[in-house]
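Read through the structure below, which is laid out as structure tokens, and then see the notes.
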Amino acid sequence: MSAALFTLLAGNTFYARNIVASVFVMLWATRLAGFLLFRVLKRGSDSRFDDIRANFFKFLGFWVAQIIWVWVVSLPVIILNSPAVSDRRIGGNNPKFGQGADIVGIIFFVVGWITESVADAQKYRYKAARPPKDEPITTGLWKYSRHPPYAGEILLWWGIWILCLTPSRHGNLSSSARSAQWGAIVSPLLTMVLLILASGIPTAEKPTAKRYYLMSYGPDAKPEHANAWANYKEYLNRTSVLWLVSPNLFAKLPRWLKVTVFLELPMYQFHEDTDGAQAIEEAKRKKGGDGAV
């Protein structure tokens with residue numbers, strides 16, 4: 001948020017496109033910070049930090065990584081607000097606001113921002129209602145995607161990049177300024193890589209599947225949860241991992257289409273013969289250790 005505001009004020013180019021793009025980034029940052037603060041206040045802590053805050057260097061590394069990530073994803077706006085792109089006195093340009101790229105970018109951002117905002121609120125209300133432990137959330141946007149906030153996050157950063165790219169598509173910029181704007185595509189690409197291959201979906205899929213598998217087959221399995229794993233497998237078959245799509249349609253799609261278009265990657269799969277067996281052994285060892293104590 002500070003990067004968008006600082007570059008807007010420092011660049012002194014208060015054109016409509018610059019203002020809209022900067023406000024979008026500030027709106028994204030404000031929503032994210034507000035949601036995380038609200039969650040910490042309600043829970044008393046953030047469990048994501050449990051394993052790292054005891055180690056100074058891990059904790060420091062986490063925050064340095066966060067700073068770098070925020071800077072990289074903000075690059076489209078930082079570059080747009082730079083004098084080389086927007087200051088007409090030194091070769092910048094400001095095509096009339098309302099070009100096709102502007103409209104597409106705004107639509108992408110608004111849809112993405114609303115999607116992740118609504119999905120987060122829906123999940124919070126769902127958990128607050130204390131639902132059955134053996135049933136995944138299938139209400140609201142969560143009926144159409146297992147990770148709708150991630151879909152919204154990816155969409156909004158593509159929207160910001162497209163919006164900020166207009167001077168290169170419809171203006172006369174230097175080759176270096178144009179290259180910088182096109183190079184800022186690293187922002188939405190990095191977001192996709194992190195959410196699809198690193199700290200997003202991969203950290204949730206197998207652990208969630210493991211939890212449902214142990215409900216049915218673990219050492220503490222209860223009769224009332226006997227169908228938890230079977231029901232969860234059906235849920236996986238009907239619910240897209242990322243992009244929002246009708247469950248009835250998704251269930252009928254061939255496997256290759258789910259993998260290539262809807263990103264149902266093999267790395268997300270929980271294999272009963274290997275992952276399941278390992279999960280049961282870990283649960284038994286943990287139970288034995290707790291019993292010894």
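When a residue number appears, it is its place in the shown sequence, counting from 1. Excluded from the calculations below are hydrogen atoms, water molecules and symmetry mates; all remaining heavy atoms, backbone and side chain alike, are included.
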- prompt: In the single-linkage hydrophobic clustering (I, L, V, M, F, W, Y; side-chain heavy atoms under 4.5 Å), do Trp69 and Val25 co-cluster?
  reply: yes
message: If only side-chain N and O atoms count, and only distance matters, is there a donor-acceptor pair under 3.5 Å linking Trp161 with Gln181?
response: no
message: Would a single hydrophobic cluster contain both Leu32 and Ile68, if residues Ile, Leu, Val, Met, Phe, Trp and Tyr are joined by side-chain heavy-atom contacts under 4.5 Å?
response: yes
- prompt: Distance from Asn94 atom CG to Leu80 atom CG, nearest 0.5 Å?
  reply: 8.5 Å
message: Under the criterion side-chain contact (heavy atoms from CB on, under 4.5 Å), I'd like the reasoning laid out for Phe97 against Leu163: C-alpha separation, chi angles, the key distance, then a yes or no.
response: CA-CA 10 Å; Phe97 186 65; Leu163 169 63; 4.2 Å; yes
message: Would you say that more than 12 heavy atoms from the other residues, nucleotides or ligands in this model lie under 6.0 Å from the CZ of Arg169, or not?
response: no
- prompt: What distance separates Glu135 CD from Tyr232 OH, expressed to the nearest 0.5 Å?
  reply: 13.5 Å
task: Walk me through it: do Lys143 and Leu244 pass the test side-chain contact (heavy atoms from CB on, under 4.5 Å)?
output: CA-CA 8 Å; Lys143 177 180 180 180; Leu244 280 70; over 6 Å; no
Residues, nucleotides or ligands: over 12 heavy atoms within 6.0 Å of Asn172 CG: no
- line: dist Phe270:CZ -> Leu236:CG (nearest 0.5 Å) comes out at 11.0 Å
task: Using the six-membered ring wherever Trp is involved, compare the ring planes of His147 and Tyr150 and label them parallel, tilted or perpendicular (cut-offs 30° and 60°).
output: parallel
- prompt: Would you say Thr208 and Tyr212 make side-chain contact, with heavy atoms under 4.5 Å?
  reply: yes
field: Pair Lys206-Asp275, salt bridge (Lys or Arg N to Asp or Glu O under 4.0 Å): steps then yes or no
entry: CA-CA 9 Å; Lys206 280 194 174 183; Asp275 297 319; 3.5 Å; yes
Val241 side chain near Ser145 side chain, heavy-atom distance below 4.5 Å: no
message: Just verifying a value: how many Å separate Thr260 OG1 and Arg255 CZ, rounded to the nearest 0.5 Å?
response: 10.5 Å
message: Taking Asp102 first and then Arg17, would you say they form a salt bridge - that is, a charged N and a carboxylate O separated by under 4.0 Å?
response: yes
- request: Please lay out, stage by stage, how Leu156 and Val111 fare under the test side-chain contact (heavy atoms from CB on, under 4.5 Å).
  value: CA-CA 7 Å; Leu156 73 84; Val111 172; over 6 Å; no
- request: Quick one: do Asp120 and Arg31 satisfy side-chain contact (heavy atoms from CB on, under 4.5 Å)? Show the steps, please.
  value: CA-CA 11 Å; Asp120 282 338; Arg31 189 210 72 86; 3.0 Å; yes
- line: Residue pairs meeting side chain to side chain donor-acceptor pair (under 3.5 Å), one or both in residues 221-231, sequence neighbours left out, come to Trp229-Glu272
message: Return the CZ to CD1 distance between Arg178 and Ile79, rounded to the nearest 0.5 Å.
response: 13.5 Å
- request: With sequence neighbours excluded, tell me which residues meet side-chain contact (heavy atoms from CB on, under 4.5 Å) with Phe250.
  value: Ser240, Val245, Leu253, Lys258, Phe262, Glu264
field: Ile201 side, atom CD1; Leu194 side, atom CG - distance, nearest 0.5 Å
entry: 11.5 Å
field: Hydrophobic cluster membership, Trp243 vs Trp142, 4.5 Å side-chain cutoff
entry: no
field: Arg88 NZ/CZ over Tyr15 ring centroid, <6.0 Å and within 45° of normal
entry: yes
query: If we only count heavy atoms from C-beta on, is the Leu197 to Met267 side-chain gap below 4.5 Å?
result: yes
- request: Group every Ile, Leu, Val, Met, Phe, Trp and Tyr by side-chain heavy-atom contacts under 4.5 Å, then state whether Leu195 and Trp158 land in the same group.
  value: yes
- request: State whether a side-chain donor-acceptor pair under 3.5 Å links Asn81 with Ser22.
  value: yes
query: Are Tyr144 and Trp113 connected in the hydrophobic side-chain network, where two residues link if heavy atoms are under 4.5 Å apart?
result: yes
message: Quick check on Arg130: does its CZ atom have over 12 non-hydrogen neighbours (other residues, nucleotides or ligands) under 6.0 Å away?
response: no
